[in-house]
Amino acid sequence: AATKLGIAEQKLRRWDTQGVLVARRTEGGHRRYAREIIDGLAGSVSSVMPHASSDELDQAHQEIKEKRRIIQLLVESESRYRDLVETSHDLIWTTDAVGRFTYLNNGTTDIFGTEPSALIGRCFFDFESRPSHVSNRRFLSTLRKHGEVRDYMTHLISADGTDRWVGINARVWYDKGRIVGLRGTARNVTAQHRAALQIEHQATHDALTGLPNQINLLRTLEQSFTQDNNNGALLRIDIDHFRRVNDEYGHRAGDDLLVGIANVIRSVVAYQDATVYRYGGDQFAIHLSSATNEEYEPIAEKLLHAFRQFTPAIVGSPDRLQITASIGIALYPLRRDNIATLLDNADRAIHDASASGRDRFVVCANAGNDGERLN
């Protein structure tokens with residue numbers, strides 16, 4: 001039987017033991033296989049080349065090895081992905097089609113101040129500082145239109161009541177052309193946002209007095225000039241003989257005096273629709289976005305009176321100083337709406353006030369392209 005099948009006797013004995021090919025035992029203990037079974041097996045074996053079976057087995061082994069390798073790579077990849085997601089400082093999230101969270105990593109603590117499990121079924125804009133339905137609708141509308149949103153900034157209030165500025169990146173998740181969810185990342189950018197605000201504040205405010213500076217004033221005027229039917233006034237204030245303070249008592253004394261003058265101006269316009277600026281050096285400015293003669297002239301008179309009453313003590317000076325100022329007032333709208341023209345008119349008015357003896361104000365309207373002195 002072994003010879004007919006082309007296998008070793010030992011293998012045939014093993015088959016017999018394992019029940020693969022069972023023999024009948026004779027009284028002498030010999031194995032007897034049914035002739036028709038051996039002939040049938042021998043015929044099927046002879047119809048296949050021996051090396052072909054070996055090649056097929058080798059190919060099967062190679063396929064099994066390749067599948068095992070791929071499975072191992074997938075397991076390792078999933079493990080790396082999970083480690084990255086769970087240890088990321090960024091929030092990684094998925095939602096359903098209407099923006100309700102279905103998965104969040106541990107980044108929720110830094111942004112929302114709570115654990116991921118507490119947020120399942122909620123959305124970003126449940127924590128929005130503004131009306132949440134407005135922000136959520138705008139966000140989802142942008143996503144549906146473009147399929148992706150990058151660096152969407154929103155202001156959230158965390159579970160412990162702390163302000164959070166959050167940058168969101170999101171992408172729509174489709175299935176057969178239908179939106180089934182959203183996925184993306186979010187990052188707590190509160191520190192960067194506050195730093196940017198601080199830089200912006202430093203660029204647009206005077207470091208000494210804390211007042212908005214000339215850059216801020218120009219921005220305000222640009223906005224005012226774009227508004228229709230907006231009658232406004234610009235008051236420029238020049239402190240008389242200020243240079244003497246710096247020359248006689250030093251720049252520290254001059255800085256202290258400027259801070260005091262800024263406070264005087266603030267107090268005069270505290271209840272007015274007015275903004276005070278430090279224009280530069282010893283000059284200040286007041287912008288009245290809506291002003292008539294009955295409003296800006298009384299303010300100028302009050303300023304002059306407040307300066308006369310302000311008698312600061314200067315270190316090194318035996319007497320208190322007497323402060324006066326020259327004020328130039330320019331009005332708009334202009335026939336030629338131009339910020340440069342408005343500023344020139346204010347300069348001309350200050351010059352006229354100084355030339356007329358100081359401690360007074362002059363109004364310069366703009367009937368044409370050149371200013372016209374009113375008083």
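Count residues from 1 along the sequence. Just so it is clear, the values below take in all heavy atoms, side chains as well, and ignore hydrogens, waters and symmetry mates.
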Atom pair [atom1]/[atom2] of [X] and [Y] - distance to nearest 0.5 Å:
{"X": "Leu119", "Y": "Phe101", "atom1": "CG", "atom2": "CZ", "answer": "6.5 Å"}
{"X": "Thr142", "Y": "Glu148", "atom1": "OG1", "atom2": "CD", "answer": "12.5 Å"}
{"X": "Gln272", "Y": "Ile299", "atom1": "CD", "atom2": "CD1", "answer": "4.0 Å"}
{"X": "Glu115", "Y": "Leu104", "atom1": "CD", "atom2": "CG", "answer": "11.0 Å"}
{"X": "Arg360", "Y": "Glu301", "atom1": "CZ", "atom2": "CD", "answer": "11.0 Å"}
{"X": "Ile111", "Y": "Thr108", "atom1": "CD1", "atom2": "OG1", "answer": "8.5 Å"}

Is any side-chain heavy atom of [Y] closer than 4.5 Å to one of [X]?
{"X": "Ile314", "Y": "Asp256", "answer": "no"}
{"X": "Phe310", "Y": "Leu257", "answer": "yes"}
{"X": "Arg194", "Y": "Asp163", "answer": "yes"}
{"X": "Thr154", "Y": "Trp165", "answer": "no"}
{"X": "Leu211", "Y": "Phe284", "answer": "yes"}
{"X": "Val259", "Y": "Leu208", "answer": "yes"}
{"X": "Ile168", "Y": "Val149", "answer": "no"}
{"X": "His287", "Y": "Thr220", "answer": "yes"}

Near [X] [atom1], under 6.0 Å, is it more than 12 heavy atoms from other residues, nucleotides or ligands?
{"X": "His193", "atom1": "NE2", "value": "yes"}
{"X": "Arg252", "atom1": "CZ", "value": "no"}
{"X": "His305", "atom1": "NE2", "value": "no"}
{"X": "Arg171", "atom1": "CZ", "value": "no"}

Closer than 3.5 angstrom, by distance alone: can the side chain of [X] be matched with the main-chain N or O of [Y] as a donor-acceptor pair?
{"X": "Thr162", "Y": "Ser158", "answer": "no"}
{"X": "Arg32", "Y": "Arg35", "answer": "no"}
{"X": "Arg100", "Y": "Arg122", "answer": "no"}
{"X": "Arg219", "Y": "Leu217", "answer": "no"}
{"X": "Asp359", "Y": "Thr324", "answer": "no"}
{"X": "Ser267", "Y": "Val264", "answer": "yes"}
{"X": "Asp175", "Y": "Arg178", "answer": "no"}

Can you see which heavy atom on [X] is nearest to which on [Y], and at what distance?
{"X": "Leu258", "Y": "Thr209", "answer": "O-CG2, 4.1 Å"}
{"X": "Ala330", "Y": "Ala346", "answer": "CB-N, 3.6 Å"}
{"X": "Val189", "Y": "Met153", "answer": "CG2-SD, 3.7 Å"}
{"X": "Ile329", "Y": "Ala233", "answer": "CG2-CB, 4.5 Å"}
{"X": "His155", "Y": "Ile157", "answer": "NE2-CD1, 4.2 Å"}
{"X": "Ile120", "Y": "Tyr103", "answer": "CD1-N, 4.1 Å"}

Among Leu303, Ile350, Val276, Ile261, which one satisfies side-chain contact (heavy atoms from CB on, under 4.5 Å) with Ile237?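 Exactly one pass, corresponding to Leu303.
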Per the side-chain contact (heavy atoms from CB on, under 4.5 Å) rule, which among Ile327, Leu288, Leu234, Ile286 passes with Tyr296?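 Passing option: Leu288.
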Salt-bridge contact Arg358-Asp238 (side-chain N to carboxylate O under 4.0 Å):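 Looking at Arg358 and Asp238, the cut-off is not met.
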Is it true that Glu9 and Lys11 make a salt bridge, defined as a side-chain N closer than 4.0 Å to a carboxylate O?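 Salt bridge flag = no for Lys11 with Glu9.
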Quick one: do Phe124 and Leu91 satisfy side chain to side chain contact (heavy atoms under 4.5 Å, CB included)? Show the steps, please. CA-CA 11 Å; Phe124 277 109; Leu91 173 64; 4.0 Å; yes
Determine, step by step, whether Asp240 and Ser326 satisfy the side chain to side chain contact (heavy atoms under 4.5 Å, CB included) criterion, reporting the C-alpha distance in whole Å, the side-chain angles of both residues, the deciding distance to 0.1 Å, and the verdict. CA-CA 7 Å; Asp240 297 332; Ser326 300; 2.9 Å; yes
Would a single hydrophobic cluster contain both [Y] and [X], if residues Ile, Leu, Val, Met, Phe, Trp and Tyr are joined by side-chain heavy-atom contacts under 4.5 Å?
{"X": "Leu182", "Y": "Trp173", "value": "no"}
{"X": "Leu221", "Y": "Ile215", "value": "no"}
{"X": "Tyr174", "Y": "Trp93", "value": "yes"}

Check the orientation of Tyr332 and Phe225. Use parallel for under 30°, tilted for 30 to 60°, and perpendicular for over 60°.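 Ring orientation of Tyr332 relative to Phe225: tilted.
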Given Asp347, Asp352, Asp344, Asp282, the one that forms salt bridge (charged side-chain N to carboxylate O under 4.0 Å, His left out) with Arg236: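 Of all the options given, the one that passes is Asp347.
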May I have the step-by-step check of side-chain hydrogen bond (donor to acceptor under 3.5 Å, both in side chains) for Thr204 and Asn213, ending in yes or no? CA-CA 5 Å; Thr204 58; Asn213 62 14; 5.4 Å; no
Check the side chains of [Y] and [X] for a donor-acceptor pair under 3.5 angstrom, ignoring hydrogens and angles.
{"X": "Arg243", "Y": "Asn246", "answer": "no"}
{"X": "Thr102", "Y": "Asp96", "answer": "no"}
{"X": "Arg308", "Y": "Gln322", "answer": "no"}

Would you kindly check if the NZ (Lys) or CZ (Arg) of Arg164 is within the cone defined by 45 degrees around the ring axis of Phe127 and under 6.0 Å from the six-membered ring centre?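 Not flagged: Arg164 not positioned over aromatic ring of Phe127.
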Derivation and outcome, side chain to side chain contact (heavy atoms under 4.5 Å, CB included), residues Asn105 and Asp90: CA-CA 9 Å; Asn105 70 342; Asp90 289 347; over 6 Å; no
